[in-house]
Amino acid sequence: MIGNIKNYFPGGNTPMGFFSYYEEALNRTSAKRCYLLKGGPGTGKSTLMKKVARYFSGKGENVDYLWCSSDPESLDAVILKDRKTAIVDGTAPHIMDPKYPGAVDEIVNLGSCWEKTGLCNNRENIIECSKSISDKYEIAYGYLKSVAAKQKAMHVFVEEKPFVSDAYLNIFETIKTLKKEKRMGKNKNMFATAITPFGVIDHLNSLASGLNKIFLLRVPVGVECNKVIENAGEMLLNTGYNTETYFCPIRPTDKREHLISEEAGIGIFTCNDYHGSELFDHEAYAHTIRPVAYKYFDDKNYFDLKVSADSDITACIEVLAEAKSAHDKLENYYIPHINHRRLNNITEELIAEIEHG
C-alpha cells in the first residue's frame with residue numbers, strides 16, 4: 001500500500017528574487033530529525049531524496065514532496081510525516097545550516113563523493129557556468145517585477161464587493177458547522193504554484209486529495225481573494241483546526257491564493273487563467289464562487305495590461321529555461337566525477353538510520 005503523497009513548493013521565483021518558506025514547511029522545532037544535504041550540483045541530492053521517499057511511501061507512510069521551482073522535476077526536500085523527519089537540500093539558493101545541531105539537525109556531506117581532481121580541471125568552466133546562471137536569474141526576476149506592477153494596475157478595473165459577499169455566505173457558513181476544538185490551530189505558509197523553466201506549474205490536485213469539500217474562487221487575473229482566504233483561515237484557526245496557506249509567487253508575502261485544512265477537510269482554491277480549472281472535475285468539488293459584477297472589466301486598458309503581463313511571464317519562463325540549460329551544463333561537469341557507489345551507500349545508510357532511529 002502506498003502512503004498519502006502531497007506535493008508543493010517551499011520556495012519560488014518571485015519579483016523579490018528567490019523567496020523561501022522553507023522554515024515554515026519544515027518546522028524544525030517539532031521535527032524529530034532534519035538531515036541537511038550539502039554538495040554541489042549533480043551530486044545526487046534529489047536522487048537520494050526520491051529514493052528515500054519512495055522507500056517509506058512504499059511502506060504505506062505519508063510523505064510530502066517539496067519540489068524545486070527552478071527545476072520542477074527535482075526535489076528540494078522530502079518530509080516523512082509519520083516519522084517527523086525531513087531531508088533537505090541545504091545548498092544555494094535555499095542555504096540551510098543546522099539550527100539545532102545534533103539535537104535535530106544533521107549534515108550529510110555529499111561532497112565526500114567528489115573526485116576533486118576532475119573538478120579542479122574544469123575550474124574555469126564551472127565558474128563561467130555559475131556566473132551565467134546567476135545573470136539569467138537577475139533578468140528573470142526583472143520580468144517578474146514588471147508583472148507585479150502590471151497586475152497591481154489591473155486590480156483597479158474590477159469590483160470585488162459582490163464576490164466577497166458571496167464567499168462569506170458559502171464558505172463561512174460551512175466553517176461554522178465544524179466542531180470547535182479546545183486549542184488554537186497553527187498555520188504554515190507555502191507555494192502551490194511556481195513559475196518554472198517549463199511554465200507555470202501547480203500541484204492543486206495533490207493538495208485537494210483527501211478533502212471533503214472544495215470551494216473554487218473563480219476570478220479574472222487582477223482580482224484578489226486575499227480577504228476571503230485570510231478571514232476563512234483565521235476562523236479555522238480559532239475553531240482549532242490547522243491550516244496551510246499558499247501564496248502567489250508574484251506577491252509572495254501578501255497575496256493568499258489557496259487555503260486548505262486537512263483536519264477540517266476543507267479547501268479554498270483560487271481559479272484563474274493560470275491555475276485551478278482542473279479542480280472542477282475533483283470528486284470533492286462543491287461550489288464555485290465568482291464575482292457577480294465587474295467594474296470597467298471591459299476596459300481596453302485592463303486587457304492591454306493583461307496581455308503585456310502575460311508576455312513578461314512568457315519571457316521570464318524563457319530566461320528560466322536558459323538558466324536551467326546552463327545548470328544542466330554545470331551538472332555535467334560534476335556527474336562524471338561522482339563516486340556513485342559511495343552515494344548509494346550513503347543513501348542506504350540514511351534509510352536504515354531513519355527506519356531504526
Side-chain angles (χ1 to χ4, degrees), residues 1-11 20 22-23 25-68 70-120 126 327-328 330-357:
M1 181 180 69
I2 302 297
N4 183 58
I5 292 174
K6 189 161 71 173
N7 303 283
Y8 51 89
F9 298 95
S20 172
Y22 271 76
E23 288 295 345
L26 299 174
N27 192 12
R28 284 192 273 181
T29 57
S30 63
K32 177 182 177 182
R33 207 73 180 151
C34 183
Y35 296 93
L36 306 177
L37 306 183
K38 298 291 186 178
T43 52
K45 299 185 292 296
S46 182
T47 300
L48 181 153
M49 288 187 279
K50 288 177 181 177
K51 285 183 178 179
V52 175
R54 282 196 298 267
Y55 178 84
F56 287 102
S57 66
K59 293 168 65 70
E61 299 186 19
N62 300 317
V63 178
D64 284 3
Y65 284 71
L66 285 63
W67 296 96
C68 174
S70 296
D71 181 357
E73 295 178 345
S74 180
L75 283 170
D76 276 344
V78 293
I79 299 176
L80 310 177
K81 297 170 76 172
D82 300 331
R83 296 177 181 269
K84 295 185 177 180
T85 296
I87 308 172
V88 189
D89 181 347
T91 59
H94 31 71
I95 296 172
M96 293 187 68
D97 290 315
K99 190 173 184 179
Y100 309 109
V104 176
D105 302 311
E106 181 176 335
I107 291 177
V108 179
N109 179 22
L110 299 187
S112 64
C113 302
W114 289 339
E115 192 278 298
K116 296 181 181 179
T117 302
L119 295 176
C120 290
I126 289 172
H327 188 271
D328 291 344
L330 181 63
E331 285 190 334
N332 287 334
Y333 290 121
Y334 281 82
I335 292 172
H337 305 291
I338 299 298
N339 185 329
H340 293 282
R341 179 177 295 179
R342 171 63 179 147
L343 177 61
N344 288 334
N345 289 341
I346 291 174
T347 304
E348 295 303 319
E349 289 167 5
L350 186 57
I351 290 173
E353 181 175 325
I354 294 171
E355 189 165 29
H356 303 296

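All residue numbers in this chain count up from 1 along the given sequence.
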* Not counting sequence neighbours, list each pair that qualifies as a ring-ring contact (aromatic ring centres under 6.0 Å, His included) and has a residue in residues 47-66. => Tyr65-Trp67
* To do: Identify the two heavy atoms, one from Asp76 and one from Pro10, that lie closest to each other, and give their separation to 0.1 Å.
  => CB-CG, 4.3 Å
* Separation between CG of Leu75 and OG of Ser46, rounded to the nearest 0.5 Å -> 4.5 Å
* Structure fact -> Heavy-atom closest pair (Gly39 atom, Thr91 atom, distance to 0.1 Å) is O-CG2, 3.2 Å
* To do: Taking side-chain hydrogen bond (donor to acceptor under 3.5 Å, both in side chains) as the test, write out the residues that go with Asn27, two or more places apart.
  => Thr29, Ser30
* **Nearest-0.5 Å distance that lies between atom OG in Ser57 and atom NZ in Lys50** => 13.0 Å
* To do: Can you sort out the partners of Phe9 under ring pair (Phe, Tyr, Trp, His ring centres under 6.0 Å), two or more places apart, ordered by chain and number?
  => His203
* Among all residues two or more places apart in sequence or in another chain, which pass the side-chain hydrogen bond (donor to acceptor under 3.5 Å, both in side chains) test with Asn62? -> Asp82
* According to the salt bridge (charged side-chain N to carboxylate O under 4.0 Å, His left out) rule, which pairs have a member within residues 84-97, sequence neighbours left out? -> Lys38-Asp97
* Structure fact -> salt bridge (charged side-chain N to carboxylate O under 4.0 Å, His left out) pairs touching residues 100-120, sequence neighbours excluded, are Arg28-Asp105, Arg33-Glu106
* State the CG-OG1 distance between Leu343 and Thr47, to the nearest 0.5 angstrom. => 7.0 Å
* Examine distances only and state if a side-chain atom of Lys45 and a backbone atom of Gly40 form a donor-acceptor pair shorter than 3.5 Å. => yes
* To do: Under the salt bridge (Lys or Arg N to Asp or Glu O under 4.0 Å) rule, collect the residues that match up with Lys81, sequence neighbours excluded.
  => Asp64, Glu262
* Determine which pairs satisfy salt bridge (charged side-chain N to carboxylate O under 4.0 Å, His left out) with at least one residue from residues 332-347, sequence neighbours left out, and list them in order. => none
* Structure fact -> With sequence neighbours left out, the residues meeting side-chain contact (heavy atoms from CB on, under 4.5 Å) with Ile335 are Glu331, Asn332, His340
* For Arg83 and Ile354, which heavy atoms make the closest approach, and how far apart are they? -> NH1-O, 3.3 Å
* Using a 4.5 Å cut-off on heavy atoms from C-beta on, say whether the side chain of Val88 contacts that of Cys34. => yes
* **Residues that Val108 engages under side-chain contact (heavy atoms from CB on, under 4.5 Å), provided they are two or more places apart** => Tyr35, Leu37, Leu110, Ile346
* **Inter-residue atom distance Asn344.CG - Leu48.CG, 0.5 Å rounding** => 9.0 Å
* Say you draw a straight line from OH of Tyr334 to CG of Leu119; how long is it, rounded to the nearest 0.5 Å? -> 6.0 Å
* Nearest atoms (heavy-atom pairs only) where Ala25 meets Tyr8 -> CB-CE1, 4.4 Å
* **Pairing residues for Glu348 by the side-chain hydrogen bond (donor to acceptor under 3.5 Å, both in side chains) criterion, not counting sequence neighbours** => none
* Pro98 and Leu36: which non-hydrogen atoms are nearest, and at how many Å? -> N-CD1, 3.4 Å
* Asked: By side-chain hydrogen bond (donor to acceptor under 3.5 Å, both in side chains), which residues pair with Lys99, not counting sequence neighbours?
  -> none
* **Gap between atom OG1 of Thr85 and atom CD of Glu61 - 0.5 Å precision** => 9.5 Å
